[in-house]
Amino acid sequence: MADSIELARRLCLQPPARRTGTGRCRPRGRLGAPSLRVPRPPLPLSLSLWSSLRCRALDSTRPVAVEGGLGDEEDEDEEGESYFALTSSRLSRVDYLGESTKGDLNVRREHLDAFGGNGKSTLHGPIEEIAWQEAREAESLLRELGIADPFSVRHSPRGIFCTRTLNLRSISVIGYDMDYTLIHYNVMAWEGRAYDYGMANLKGMGFPVDDLEFDPDLVIRGLIMDKDKGNLVKADRFGYIKRAMHGTQMLSTSAVSEIYGRELVDLRKESRWEFLNTLFSVSEAVMFMQMVDKLDQGLVPAELGPLDYKGLYNAVSRALFRAHVEGQLKSEIMAEPERFVEPDPELPLALLDQKEAGKRLLLITNSDYHYTNKMMNHAFNRFLPNDMAWRDLFEMVIVSARKPEFFQISHPLYEVVTNDGLMRPCFKANSGGLYSGGSAQMVEKSLDIHGDEILYVGDHIYTDVSQSKVHLRWRTALICRELEDEFDALIRSHVQKEQLITLIQQKEVVGDLFNQLRLALQRRTNSRPAQTLAATCMDDQELTESMQKLLIVMQRLDEKIAPMLESDGELFNKRKIIF
């Protein structure tokens with residue numbers, strides 16, 4: 001859940017301060033530890049001046065002007081002051097990163113002179129010197145406020161990892177998936193129960209399952225099931241299979257090469273390949289891999305008919321699908337959400353910060369209304385202030401969205417009109433509404449927004465991230481909880497990695513000398529001069545002995561490096577199929 005929370009917090013660009021009884025501002029922060037998460041103005045104001053203006057500049061009773069006109073309030077307050085202005089759509093340009101400047105925060109021109117904007121006061125001098133001084137003061141102030149500096153966050157499992165530039169100020173709407181995004185489940189509990197129900201259904205069909213147990217560490221998202229061969233494979237970005245596991249047993253590199261050769265994984269061939277897009281895929285993959293072992297051992301009863309690996313996969317898929325369709329699992333979760341849900345007090349407040357900062361929030365989930373309402377009530381309501389409910393956070397809520405079709409085609413739209421989930425057909429969605437079905441195009445039309453103004457956050461690689469990007473050009477963010485464990489493994493292996501790097505660099509230097517001497521010997525053997533005069537003049541015995549010594553050093557380095565690489569890989573995954 002940490003990555004969900006940090007993403008939500010980092011998306012909040014301009015959190016307004018709260019008003020206290022004394023009329024002063026009290027910044028919103030973490031529970032029990034108030035903090036100022038105010039964006040630094042683009043111009044390098046002195047930190048002392050900036051600090052003194054924080055409460056006043058972010059006072060929710062004072063307007064933030066939009067260039068070319070005021071925002072929500074056109075009447076200035078009694079002091080007639082507004083320190084900041086936002087770049088409007090009409091005045092926006094494209095910056096040096098190719099991103100729109102819409103929504104950029106600027107110091108208003110009439111106040112700029114007072115802060116030395118015309119070469120006076122603290123802003124006078126080369127920007128390199130000003131920035132160096134400001135950065136030092138910023139680090140000091142962040143420490144005093146108890147807030148992690150950007151470099152610490154960047155090197156934390158709670159960080160955001162970007163694959164392309166995104167100006168978050170140009171994002172006006174942030175949409176969220178629910179399951180494994182806003183609601184994080186205990187994988188062992190949730191998928192473990194799904195596994196139990198699925199295995200019970202397999203047992204009812206006659207499969208031998210009594211000695212099997214759920215192993216969540218057997219698989220990970222991003223792997224692919226080969227239904228024809230009973231394998232779980234890891235492909236590189238070009239589609240070549242680099243590692244594979246048959247049943248629950250790892251295959252050697254030579255075995256992988258013999259089975260697949262230059263064959264490419266083509267996910268369009270759904271009859272053969274099944275991509276593990278989400279954590280909900282974990283239980284299905286574990287069941288399939290374990291049943292492959294049973295089939296190979298000849299333990300599947302003959303009366304079930306001749307089964308190949310694809311037929312076995314279909315049986316596993318039916319057993320698990322039946323558990324979901326019959327509603328057994330969701331009924332159990334709704335009855336005891338505390339067993340399955342891992343709530344975090346900071347996440348609802350982070351979304352509240354986003355809402356108060358002017359972002360419009362959406363919840364778009366495939367879960368039905370009753371399940372969504374139960375989970376969100378459990379995970380959100382108790383952490384929100386002033387009797388707020390989770391519905392108050394969102395501009396629009398869409399349940400039973402039927403993603404990925406939600407991003408591709410239009411389905412009938414229904415409005416949920418009662419707390420019991422009673423629905424009526426409707427033809428237009430409005431702000432504040434709770435709906436079932438519909439389409440992404442309907443959302444854009446209702447909110448009068450374009451694709452690149454929306455950031456959609458989800459956990460499903462295909463349904464949430466790929467399809468919203470391909471069909472609508474929405475900006476996307478993937479919640480990938482597995483990276484937290486990998487990041488921790490990177491931290492734990494830091495010292496050993498430094499030793500490994502040193503040894504590999506030493507081998508590189510030694511190996512380079514060995515190769516140069518070998519080339520000199522080869523040329524001498526063929527009566528040609530070596531690369532240099534000094535190499536040509538080397539004594540034959542000296543040349544041979546030097547090469548022998550260097551080769552022994554490289555061999556001993558290999559003996560040292562190999563087990564270190566092995567143990568380093570095991571910090572991430574003992575089966576090492578994810579590498």
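A cation-pi arrangement is present between Arg193 and Tyr197, with the terminal nitrogen or guanidinium carbon under 6.0 Å from the aromatic centre and inside a 45° cone about the axis.
Side-chain contact between Val282 and Phe214 is present, with heavy atoms from C-beta onward closer than 4.5 Å. Between Leu455 and Lys359, the closest side-chain pair of non-hydrogen atoms is not below 4.5 Å. Counting only heavy atoms from C-beta outward, the side chains of Asp568 and Lys497 approach each other to under 4.5 Å. At a threshold of 4.5 Å between non-hydrogen side-chain atoms, the residues Trp190 and Leu279 do not count as touching. Side-chain atoms of Met396 and Leu361, non-hydrogen and from C-beta on, never get closer than 4.5 Å to each other. Counting heavy atoms from C-beta on, the side chains of Leu267 and Ile224 come closer than 4.5 Å. In this structure, the side chains of Arg339 and Ile333 stay at 4.5 Å or more apart for every pair of heavy atoms. A heavy-atom distance below 4.5 Å is found between the side chains of Met245 and Leu218.
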(request) Please test Phe394 against Tyr176 for ring pair (Phe, Tyr, Trp, His ring centres under 6.0 Å), starting from the C-alpha separation and ending with a verdict. (result) CA-CA 10 Å; Phe394 298 98; Tyr176 288 99; 7.1 Å; no
(request) Kindly indicate, with the supporting measurements, whether the criterion salt bridge (charged side-chain N to carboxylate O under 4.0 Å, His left out) is fulfilled by Glu405 and Arg402. (result) CA-CA 6 Å; Glu405 291 182 1; Arg402 297 177 66 178; 3.6 Å; yes
(message) Determine whether Tyr195 and Leu320 satisfy the following criterion, side-chain contact (heavy atoms from CB on, under 4.5 Å), listing intermediate values before the conclusion.
(response) CA-CA 8 Å; Tyr195 173 91; Leu320 198 56; over 6 Å; no
(request) Could you walk me through whether Val341 and Asn186 pass the side-chain contact (heavy atoms from CB on, under 4.5 Å) test, one step at a time? (result) CA-CA 6 Å; Val341 177; Asn186 181 304; over 6 Å; no
(message) Walk me through whether Arg481 and Glu486 qualify under salt bridge (charged side-chain N to carboxylate O under 4.0 Å, His left out).
(response) CA-CA 9 Å; Arg481 192 191 192 196; Glu486 292 198 22; over 6 Å; no
(request) Give the intermediate values and the outcome of side-chain hydrogen bond (donor to acceptor under 3.5 Å, both in side chains) for residues Thr278 and Asp459. (result) CA-CA 7 Å; Thr278 173; Asp459 72 292; 3.0 Å; yes
(request) For the pair Met199 and Leu212, evaluate side-chain contact (heavy atoms from CB on, under 4.5 Å) and give the outcome as yes or no after the intermediate values. (result) CA-CA 9 Å; Met199 282 301 193; Leu212 298 177; 3.7 Å; yes
(message) The test is side-chain contact (heavy atoms from CB on, under 4.5 Å); show your working for Leu503 and Met564 and say whether it passes.
(response) CA-CA 10 Å; Leu503 291 174; Met564 291 179 69; 3.7 Å; yes
(request) Might you work through the side-chain hydrogen bond (donor to acceptor under 3.5 Å, both in side chains) test for Glu137 and Gln133, ending with a clear yes or no? (result) CA-CA 6 Å; Glu137 292 185 23; Gln133 181 63 30; 3.1 Å; yes
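The structure places OG of Ser170 at 8.0 Å from CD of Glu453, a figure rounded to the nearest 0.5 Å. Taken from CG in Leu351 to CD1 in Ile174, the straight-line distance is 8.0 Å, to the nearest 0.5 Å. Atom CG in Asp217 sits 8.5 Å away from atom CE in Met188 (nearest 0.5 Å). Taking OG of Ser468 as the reference point, atom CZ of Arg475 lies at 11.0 Å (rounded to 0.5 Å). We find the OG1-CZ distance between Thr476 and Arg164 to be 9.0 Å, quoted to the nearest 0.5 Å. Atom-to-atom distance recorded for Leu363:CG and Leu393:CG is 10.0 Å, nearest 0.5 angstrom.
Under a 3.5 Å cut-off, the side chain of Tyr456 and the backbone N or O of Ile364 do form a donor-acceptor pair. Under a 3.5 Å cut-off, the side chain of Asn377 and the backbone N or O of Asn373 do form a donor-acceptor pair. A donor-acceptor contact shorter than 3.5 Å links the side chain of Ser567 to the backbone of Pro563. Although no hydrogens or angles enter the test, the distance criterion places no donor-acceptor pair under 3.5 Å between the side chain of Glu191 and the main chain of Tyr185. Using a distance-only test at 3.5 Å, with no hydrogens or angles considered, no donor-acceptor pair links the side chain of Arg136 to the main chain of Trp132. Judged by distance alone, the side chain of Thr463 and the main-chain N or O of His460 form no donor-acceptor pair under 3.5 Å. Looking at Ser317, its side chain never comes within 3.5 Å of a backbone N or O of Tyr313 through a donor-acceptor pair. Here the side chain of His450 pairs no donor or acceptor atom with the backbone of Asp452 at under 3.5 angstrom. Asp226 places no side-chain N or O within donor-acceptor distance of the main-chain N or O of Gly230, the cut-off being under 3.5 Å. For the pair His246 (side chain) and Lys229 (backbone), a donor-acceptor distance under 3.5 Å is present.
When each of Asp464, Asn366, Thr365 is tested with Lys403 by the rule side chain to side chain donor-acceptor pair (under 3.5 Å), just one qualifies, namely Asp464.
In this structure, Ala194 and Leu329 approach most closely via the heavy-atom pair CB-CD2, 3.7 Å. Residue Asn106 comes nearest to Thr87 through the heavy atom pair ND2-OG1, 2.9 Å, listed as atom of the first residue, atom of the second, then distance. Closest approach of Ile183 to Ala379, counting heavy atoms only: CD1-CB, 3.4 Å. Between Phe406 and Ala401, the shortest heavy-atom distance links the atoms CB-O, 3.2 Å. The two residues Asp293 and Gly247 come nearest to each other via the heavy atoms OD1-CA, 3.4 Å. The heavy-atom pair separating Ala255 from Leu251 by the smallest distance is CB-CB, 4.3 Å.
The number of heavy-atom neighbours closer than 6.0 Å to CZ of Arg262, taken from other residues, nucleotides and ligands shown, is 12 or below. Within 6.0 Å of CD in Glu270 there are 12 or fewer heavy atoms belonging to other residues, nucleotides or ligands. The 12-atom threshold is exceeded at CD of Glu263, counting heavy atoms of other residues, nucleotides or ligands nearer than 6.0 Å. Around atom CD of Glu258, no more than 12 heavy atoms belonging to other residues, nucleotides or ligands sit under 6.0 Å away. Within 6.0 Å of atom CD in Gln496, more than 12 heavy atoms from other residues, nucleotides or ligands are found, so the atom counts as buried in its surroundings.
Aromatic ring orientation, Trp474 versus Phe407: perpendicular (interplanar angle above 60°, classes split at 30° and 60°). Aromatic ring orientation, Tyr260 versus Trp273: tilted (interplanar angle from 30° to 60°).
A donor atom on one side chain and an acceptor atom on the other are not found under 3.5 Å apart for Tyr309 and Asp228.
With respect to the salt-bridge test (charged N to carboxylate O, under 4.0 angstrom), the residues Arg272 and Asp266 do not qualify.
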